[in-house]
Protein chains: 2
Amino acid sequence: MSRWEPDAGGRLREAALELFATTGYEATTVAQIAARAGLTSRTFFRHFPDKPEVLFAGSDTLEQKMVAALRAAPLEASPRRALDDALDVAVALLSERADFARRRHHVIAANPALLERETMKLARLSTALATALHERGVGQRPAAMAAQAAVAAFGVAFDQWAREPGANLRRLVEENLDLLVGLVRDK
Amino acid sequence: MSRWEPDAGGRLREAALELFATTGYEATTVAQIAARAGLTSRTFFRHFPDKPEVLFAGSDTLEQKMVAALRAAPLEASPRRALDDALDVAVALLSERADFARRRHHVIAANPALLERETMKLARLSTALATALHERGVGQRPAAMAAQAAVAAFGVAFDQWAREPGANLRRLVEENLDLLVGLVRDK
DNA sequence: CTAAGCGATGACACAGTGTGTCATCGCCTC
DNA sequence: GAGGCGATGACACACTGTGTCATCGCTTAG
């Protein structure tokens with residue numbers, strides 16, 4: 001028997017998601033989350049630097065895996081191909097936890113403060129992908145534009161996928177990218 | 001003689017920008033900003049709903065003007081053309097206050113919390129433009145992708161323009177969009 | 001001219017977030 | 001079994017953001 005129940009971070013995440021979904025984000029306090037997990041608020045802030053982050057801890061992992069996939073692509077691959085590899089990883093990771101991802105997405109979509117953090121995380125992802133592309137020899141501005149296009153396509157696809165349980169996430173991303181070409185090219 | 005100095009909001013904005021630039025965003029308190037403007041912190045929150053917003057009050061105006069420009073475009077214009085009109089307005093507005101815009105941009109770039117808000121404002125802008133496009137008959141997903149592409153091109157261009165005093169902001173935006181087509185098309 | 005109303009501000013109290021610091025207590029190692 | 005280590009609790013505190021009432025000058029009706 002250990003002195004404390006195991007996986008304090010996981011318990012806090014789960015408690016937060018439940019409370020945010022039922023009571024709303026603003027209305028639930030860190031103290032309530034901690035209490036439901038059998039902890040104090042001081043301990044909450046030892047596991048997560050701030051309140052919103054309790055829902056975003058996993059997105060750093062996603063970023064790392066996408067960047068790793070991009071780096072692993074053959075050097076002669078075009079930016080588009082390399083980004084496709086990164087998108088494959090993201091789609092796979094989200095599909096694994098489809099249910100959790102959808103619950104989380106609904107909570108985030110309903111709260112401005114959480115939406116703000118989510119947008120920021122996507123922006124960070126975009127920057128990370130751009131940097132990785134740049135290291136492969138792509139110019140700074142092309143890298144930034146390509147990465148933002150990929151993240152935008154992913155974001156729009158994810159949004160739709162979260163509403164339509166049956167949708168094929170990977171296909172949606174691809175469709176969005178094809179769409180983009182026509183839209184921007186046709187003056 | 002009025003009882004109070006005029007333009008409390010403007011004084012707060014200026015005081016905040018100065019303090020953020022010299023002392024840093026986190027390190028300066030709302031009380032300090034208010035004191036420098038000859039006010040109390042309670043009054044600060046009557047002019048701005050929260051601390052970061054003191055730097056973003058103007059971006060709602062920008063959004064409204066861009067949307068208005070998009071709506072004013074001829075109905076037969078392509079999404080790209082309509083968005084170009086909106087981008088023209090943004091470029092004009094920023095060029096007018098180039099100096100203020102650059103000071104503000106440097107402060108924001110140096111502070112994660114402000115960066116988060118800035119990213120969110122751009123996301124909102126993107127949503128607003130997408131909605132306006134959709135009302136013109138463009139499908140929901142194409143509208144979202146086109147708007148995000150435009151905002152991305154603008155963001156990347158602005159970032160470079162803030163560093164290079166001589167740059168032509170409008171041309172940078174256009175270059176980014178052209179870049180985008182090639183990057184996404186070439187599998 | 002005067003009094004009532006209005007609008008911006010100050011003053012004060014308070015809930016909630018986030019941090020610093022020290023104490024506690026079980027587990028692990030020597 | 002003694003001491004170190006790591007996770008947690010307890011407590012104090014600074015800062016953000018809000019509710020509420022008082023204040024004071026300006027405006028307007030009468």
Side-chain angles (χ1 to χ4, degrees), chain A residues 1-20 22-57 60 107-108 110-118 120-121, chain B residues 1-20 22-57 60 107-108 110-118 120-121:
Chain A
M1 273 296 252
S2 66
R3 182 173 171 202
W4 300 284
E5 295 306 309
D7 192 21
R11 271 152 48 215
L12 287 168
R13 254 192 298 275
E14 185 55 31
L17 191 51
E18 289 166 10
L19 287 173
F20 291 166
T22 58
T23 321
Y25 172 74
E26 302 284 356
T28 91
T29 70
V30 169
Q32 290 167 1
I33 300 170
R36 170 179 277 239
L39 297 166
T40 65
S41 57
R42 187 66 187 86
T43 297
F44 177 97
F45 288 110
R46 285 198 182 94
H47 286 269
F48 306 100
D50 58 25
K51 184 178 167 184
E53 201 61 17
V54 71
L55 287 185
F56 295 93
D60 296 340
V107 169
I108 290 173
N111 292 283
L114 295 175
L115 215 49
E116 194 160 333
R117 181 63 57 95
E118 169 89 327
M120 187 59 188
K121 291 286 183 180
Chain B
M1 269 299 251
S2 65
R3 182 174 169 202
W4 302 284
E5 295 306 308
D7 192 21
R11 270 153 47 216
L12 286 168
R13 254 191 298 276
E14 185 56 30
L17 191 51
E18 288 167 9
L19 286 173
F20 292 166
T22 57
T23 319
Y25 173 73
E26 302 284 357
T28 92
T29 71
V30 169
Q32 289 167 2
I33 299 169
R36 172 179 277 239
L39 298 164
T40 66
S41 57
R42 187 67 187 86
T43 297
F44 177 96
F45 288 110
R46 285 199 183 95
H47 287 267
F48 306 100
D50 59 25
K51 185 177 166 185
E53 202 62 16
V54 71
L55 287 185
F56 295 93
D60 297 338
V107 169
I108 290 173
N111 292 284
L114 295 176
L115 215 48
E116 194 159 333
R117 182 62 58 94
E118 168 88 329
M120 186 62 189
K121 290 285 184 180

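Just so it is clear: chains get the letters A, B, ... in the order the sequence lines come, proteins before strands, and each one is counted from 1.
Proximity of a side-chain donor or acceptor of B/T22 to a complementary backbone N or O of B/L19 within less than 3.5 Å is detected. Side-chain atoms of B/E14 never come within 3.5 Å of backbone atoms of B/R11 as a donor-acceptor pair (strictly under, hydrogens ignored). When atom types are taken as modelled, the side chain of A/D7 and the backbone of A/G10 share a donor-acceptor pair closer than 3.5 angstrom.
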Using distance only, find each side-chain donor-acceptor pair of residues 42-52 of chain B under 3.5 Å and give its atom names and separation, not counting sequence neighbours.
{"residue": "B/T43", "atom": "OG1", "partner": "B/T40", "partner atom": "OG1", "Å": "3.4"}
{"residue": "B/D50", "atom": "OD1", "partner": "B/E53", "partner atom": "N", "Å": "3.2"}
{"residue": "B/D50", "atom": "OD1", "partner": "B/R117", "partner atom": "NH1", "Å": "3.3"}
{"residue": "B/D50", "atom": "OD2", "partner": "B/R117", "partner atom": "NH2", "Å": "3.0"}
{"residue": "B/K51", "atom": "NZ", "partner": "B/Y25", "partner atom": "O", "Å": "3.1"}
{"residue": "B/K51", "atom": "NZ", "partner": "B/T28", "partner atom": "O", "Å": "2.9"}

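Following rounding to the nearest Å, A/R11 (CZ) and D/dA7 (P) show an atom-to-atom distance of 14 Å. Separating the CD atom of A/E5 from the P atom of C/dC27 is a distance of 12 Å, rounded to the nearest angstrom. D/dG6 atom C1' lies 16 Å from atom CG of A/D7, rounded to whole Å. Separating the CD atom of B/E26 from the P atom of D/dC15 is a distance of 12 Å, rounded to the nearest angstrom.
At a non-hydrogen distance threshold of 4.0 Å, B/G38, B/L39, B/T40, B/R42, B/T43, B/R46, B/H47 from residues 30-49 of chain B come into contact with DNA chain C.
Considering only heavy atoms from C-beta on, A/D60 comes within 4.5 Å of A/K121 through its side chain.
Within the structure, the salt bridge (charged side-chain N to carboxylate O under 4.0 Å, His left out) test picks out the following pairs touching residues 22-40 of chain A (sequence neighbours left out): A/E18-A/R36.
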